[in-house]
Protein chains: 2
Amino acid sequence: MITNRKQRPISAEQQLLAHHIKPTFQRLKVLEFLSKSCIHPTVDMIYRELVATIPTMSKTTVYNTLKSFVDKGIVSSLMITGTEARFEYVRQSHHHFICEKCNSIMDIVIACPHAVKRSVGGHTIKEQHGYFKGICADCAKKEAVNEAV
Amino acid sequence: MITNRKQRPISAEQQLLAHHIKPTFQRLKVLEFLSKSCIHPTVDMIYRELVATIPTMSKTTVYNTLKSFVDKGIVSSLMITGTEARFEYVRQSHHHFICEKCNSIMDIVIACPHAVKRSVGGHTIKEQHGYFKGICADCAKKEAVNEAV
DNA sequence: ATGACTGCAAAATATTTGCATATTC
DNA sequence: GAATATGCAAATATTTTGCAGTCAT
């Protein structure tokens with residue numbers, strides 16, 4: 001769901017207007033998809049999803065669109081799983097967990113004392129990112145089952 | 001400097017042997033360069049540095065070598081500045097600061113309550129990563145000077 | 001009509017793979 | 001001499017760029 005600063009639900013169109021981005025058809029579709037998704041999709045995932053219903057959609061447009069969203073702070077870009085960027089609609093500040101087995105990315109909401117810092121070591125902070133890598137609960141369970149056999 | 005678990009200085013060769021990696025000439029050079037470097041170099045930076053004195057060095061070998069180092073936990077791979085992986089010799093656990101202007105990466109040593117966690121949300125943690133993005137002190141200073149002109 | 005947006009194609013960049021050669025034990 | 005490591009070349013993957021056509025004021 002997309003909300004404004006007061007946590008009131010607003011449309012994708014209003015969200016783009018609020019950030020001075022012209023709400024074109026393609027941009028709305030990208031934003032709507034991201035706001036519904038919890039899989040932190042790659043450019044390719046977004047493209048494949050949208051081209052299914054919008055045959056003229058191009059990857060360049062997905063790249064362009066994501067770049068403008070990231071610039072405006074509506075979407076954040078995660079470089080945590082190898083060489084492919086992943087994207088998420090910006091909501092509450094949180095950390096991530098990346099599973100080495102299944103490569104899924106999960107949101108981890110935990111208190112972080114650095115989340116409110118404005119600067120560190122004399123450097124001005126604009127963004128904070130925290131992530132964990134390991135084995136997710138699902139994969140750990142599957143492994144346990146396999147070993148029992 | 002390379003140290004063992006008791007913080008005693010050891011040679012690159014001993015470090016590789018301790019991790020069951022055959023200490024070949026190329027691997028030693030990569031490890032020595034990383035252990036001396038504080039710039040979190042890319043594959044290309046490592047390659048260019050080494051090929052200057054070892055004309056037969058290939059990028060494939062740098063990739064292979066880094067992969068084995070990361071697998072053994074001697075080196076860690078950072079995906080935080082766009083599409084190019086950066087590498088650092090593993091020492092004390094710490095966070096990073098990435099400057100949006102000059103793209104330099106700095107180590108940030110701060111207390112983090114999550115650094116000792118073994119699991120989060122039921123998922124088993126193997127690695128923790130934290131980083132900040134913003135404007136470094138140097139670039140902020142330069143900007144201030146430019147504005148004053 | 002102007003300026004912004006889209007999308008194809010090509011270029012640029014980054015990484016991986018196949019395989020032949022070289023090296024080491 | 002068997003096993004492993006190296007390095008060239010090609011393939012693949014990801015992102016960016018140039019440009020021509022399209023769309024919306």
Side-chain angles (χ1 to χ4, degrees), chain A residues 12-13 15-17 19-34 40-72 74-87 103 105, chain B residues 12-13 15-17 19-33 40-72 74-87 100 103 105:
Chain A
E13 185 173 358
Q15 174 77 326
L16 291 186
L17 287 171
H19 288 84
H20 309 102
I21 300 172
K22 201 179 286 182
T24 66
F25 182 69
Q26 288 85 341
R27 288 173 181 169
L28 287 170
K29 290 304 174 188
V30 171
L31 181 58
E32 280 164 10
F33 177 62
L34 271 175
H40 307 77
T42 63
V43 168
D44 197 56
M45 287 166 166
I46 299 169
Y47 169 72
R48 289 223 293 258
E49 175 71 24
L50 298 183
V51 83
T53 52
I54 310 161
T56 63
M57 174 68 67
S58 84
K59 248 185 203 180
T60 304
T61 298
V62 178
Y63 275 106
N64 288 341
T65 301
L66 289 171
K67 186 173 185 338
S68 76
F69 289 179
V70 171
D71 285 350
K72 299 289 183 180
I74 306 176
V75 161
S76 71
S77 151
L78 312 174
M79 294 298 316
I80 47 186
T81 55
T83 64
E84 215 174 348
R86 310 203 46 156
F87 297 86
N103 286 311
I105 302 180
Chain B
E13 184 173 0
Q15 173 77 324
L16 291 186
L17 287 170
H19 288 86
H20 309 102
I21 299 171
K22 203 180 284 181
T24 65
F25 182 69
Q26 286 86 342
R27 289 174 181 169
L28 287 170
K29 291 303 173 188
V30 171
L31 181 58
E32 280 164 9
F33 177 62
H40 307 79
T42 63
V43 168
D44 197 57
M45 287 166 164
I46 299 168
Y47 168 73
R48 290 223 291 260
E49 174 72 23
L50 298 183
V51 84
T53 52
I54 311 161
T56 63
M57 173 69 67
S58 84
K59 249 186 202 180
T60 305
T61 298
V62 178
Y63 275 106
N64 288 341
T65 301
L66 289 171
K67 186 174 184 338
S68 76
F69 287 179
V70 171
D71 285 349
K72 299 289 184 180
I74 306 176
V75 160
S76 72
S77 151
L78 312 174
M79 294 298 317
I80 47 186
T81 55
T83 63
E84 215 175 349
R86 310 204 46 155
F87 297 86
E100 292 174 355
N103 286 311
I105 303 179

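Atom set for the values below is all heavy atoms of this structure, side chains included, hydrogens, waters and symmetry mates excluded. Order of the sequence lines sets the chain letters (A, B, ...), proteins ahead of strands, with each chain counted from 1. None of these values were measured; they are calculated from a predicted model.
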Could you pull out all residues at least two apart from [X] that satisfy salt bridge (charged side-chain N to carboxylate O under 4.0 Å, His left out)?
{"X": "A:Lys59", "answer": "A:Asp44"}
{"X": "A:Lys67", "answer": "A:Asp71"}
{"X": "A:Glu84", "answer": "none"}
{"X": "A:Glu49", "answer": "none"}

Within this structure, what is the [atom1]-to-[atom2] distance between [X] and [N], rounded to whole angstrom?
{"X": "B:Asp44", "N": "C:dT16", "atom1": "CG", "atom2": "P", "answer": "15 Å"}
{"X": "A:Lys67", "N": "C:dT6", "atom1": "NZ", "atom2": "C1'", "answer": "17 Å"}
{"X": "A:Tyr47", "N": "C:dG7", "atom1": "OH", "atom2": "C1'", "answer": "10 Å"}

Exercise. B:Thr61: what forms a side chain to side chain contact (heavy atoms under 4.5 Å, CB included) with it, not counting sequence neighbours?
Worked result: B:Gln26, B:Met57, B:Ser58, B:Thr65
Problem set entry | Qualifying residues under side chain to side chain contact (heavy atoms under 4.5 Å, CB included), relative to A:Leu28, sequence neighbours excluded |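 So A:Leu28 forms a side chain to side chain contact (heavy atoms under 4.5 Å, CB included) with A:Ala12, A:Glu13, A:Leu16, A:Pro23, A:Glu32.
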Problem set entry | B:Phe25 and B:Lys29: CA distance, side-chain angles, deciding distance, side chain to side chain contact (heavy atoms under 4.5 Å, CB included) verdict | CA-CA 6 Å; B:Phe25 182 69; B:Lys29 291 303 173 188; 3.5 Å; yes
Problem set entry | Nucleotides bounding contact with chain B, strand DNA chain D, heavy-atom threshold 4.0 Å |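 Endpoints of the contacted stretch of DNA chain D: D:dT4 to D:dT15.
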Tabulate protein N/O versus nucleotide N/O from nucleotides 19-25 of chain C, keeping only pairs under 3.5 Å, one per line.
none

Exercise. Given the rule in the side chain to side chain contact (heavy atoms under 4.5 Å, CB included) test, do A:Met45 and A:Arg86 qualify, once you have shown the distances and angles that lead to the verdict?
Worked result: CA-CA 9 Å; A:Met45 287 166 166; A:Arg86 310 203 46 156; 4.0 Å; yes
How many angstroms lie between atom [atom1] of [X] and atom [atom2] of [Y], to the nearest 0.5 angstrom?
{"X": "B:Ile46", "Y": "B:Phe87", "atom1": "CD1", "atom2": "CZ", "answer": "6.5 Å"}
{"X": "A:Leu31", "Y": "A:Thr24", "atom1": "CG", "atom2": "OG1", "answer": "10.5 Å"}
{"X": "B:His40", "Y": "B:Ser76", "atom1": "NE2", "atom2": "OG", "answer": "8.0 Å"}
{"X": "B:Leu66", "Y": "B:Tyr47", "atom1": "CG", "atom2": "OH", "answer": "14.0 Å"}

For this session: By nearest nucleotide on DNA chain C, pick out whichever of A:Thr24 and B:Tyr63 is the more 5' one.
Result: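 Counting from the 5' end, the first nearest nucleotide belongs to A:Thr24.
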Problem set entry | Worked verdict on A:Phe69 versus A:His19 for side chain to side chain contact (heavy atoms under 4.5 Å, CB included) | CA-CA 9 Å; A:Phe69 289 179; A:His19 288 84; over 6 Å; no
For this session: Could you pick out which residue, A:Met79 or B:Ile21, lies toward the 5' side of DNA chain D when each is mapped onto its nearest nucleotide?
Result: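 Mapping each residue to its closest nucleotide by heavy atoms, the 5'-most match is B:Ile21.
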For this session: Kindly state which residues belonging to residues 52-62 of chain B come within less than 4.0 angstrom of DNA chain D, counting heavy atoms of the residue only, listed by number.
Result: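 Per residue number, the list reads B:Thr56, B:Met57, B:Ser58, B:Thr60, B:Thr61.
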Exercise. For the helix from C:dA1-D:dT25 to C:dC25-D:dG1, how many degrees between its two end axes (five pairs per end), to the nearest 10°?
Worked result: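 End-to-end axis angle for the helix from C:dA1-D:dT25 to C:dC25-D:dG1: 20°, rounded to 10°.
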